[in-house]
Amino acid sequence: MVNLIWAFMFVFGIVYAAINGTMEEVNKVLFKSAQEAVTISLGLISILVFWLGLMNIAKKAGLLNRLTGLFRPLVRRLFPDIPPDHPAMGYILSNMVANLFGLGNAATPMGIKAMEQMKKLNQDRDEVSRSMITFLAINTSSLTIIPTTVIAIRMNYDSVSPTDIVGTTLIATACSTIAAILIDRYFYRRRIRKRRL
């Protein structure tokens, strides 16, 4: 469906430009945007390599294990349906730590693995479990301490102070994460109340 929407937008834009006589401007914007996309991608590669290397050092130094240990009691409360020693718990903790450092690309594979493990716990049913909903809500809101990707983009566009976004991001993601947890709990309890009636 999304492919059809994109194809429609592309064809509609080209036809409109041809009718309106602005094909030259459209070509300029297309090539300029492609060039910017490559520049941004290269900038992101350098910053991601730096942070992934730093994460690897932190992992080998045992810092990540300490961080996951620190979050484990909280995560157990958020996901009471998952047994403490289940592999899903490890993937969830790794995903959260990667998101804390703004490494969405590194967090995604761990998030997919966590979902796979939670689906197994749910006996491979198509209906999502309580833990899967909670994980999706928290992962989408994702509390972030260092927004690595945004800093990289700001650096690419010659921002005077690319790290100024850190404080704002921390406050915004803390609010979004708290809101996600509260909404998740509210709808879960409402669903339970309806089942009892």
Same cluster or not: are [X] and [Y] linked, directly or through other Ile, Leu, Val, Met, Phe, Trp or Tyr residues, by side-chain heavy atoms under 4.5 angstrom apart?
X	Y	value
Tyr186	Ile183	yes
Ile178	Phe187	no
Leu182	Ile133	no
Leu136	Tyr188	no

Approximate separation, where rounding is to 0.5 Å, of [X] [atom1] and [Y] [atom2]:
X	Y	atom1	atom2	answer
Thr134	Leu78	OG1	CG	7.5 Å
Leu170	Thr144	CG	OG1	8.5 Å
Arg189	Asp184	CZ	CG	10.0 Å
Ile145	Thr169	CD1	OG1	11.5 Å
Ser159	Ile165	OG	CD1	9.0 Å
Ser129	Met115	OG	CE	8.0 Å

Which ILVMFWY residues are connected to [X], directly or by a chain of links, through side-chain heavy atoms under 4.5 Å apart?
X	value
Tyr91	none
Val29	none
Ile112	none

I need the full list of salt bridge (charged side-chain N to carboxylate O under 4.0 Å, His left out) pairs touching residues 24-43, with sequence neighbours left out, sorted by first then second residue. Glu24-Lys28
Least distance between heavy atoms, [X] atom then [Y] atom:
X	Y	answer
Ala114	Ile92	CB-CG1, 3.9 Å
Ser161	Arg154	O-NH2, 3.0 Å
Ser141	Ser176	O-OG, 3.3 Å
Phe135	Phe79	N-CE2, 3.5 Å
Pro84	Arg72	O-NH1, 3.5 Å
Pro83	Met89	O-CE, 4.2 Å

Contacts under 3.5 angstrom, residues 16-23 side chains, donor-acceptor by atom type, not counting sequence neighbours:
none

Within-4.5 Å side-chain heavy-atom neighbours: [X] and [Y]:
X	Y	result
Ile138	Met96	yes
Ile82	Arg76	no
Ile151	Val166	yes
Arg130	Pro80	yes
Leu143	Asn99	no

Identify, with sequence neighbours excluded, every residue that meets side-chain hydrogen bond (donor to acceptor under 3.5 Å, both in side chains) alongside Asp81. none
Closer than 3.5 angstrom, by distance alone: can the side chain of Asn122 be matched with the main-chain N or O of Val128 as a donor-acceptor pair? no
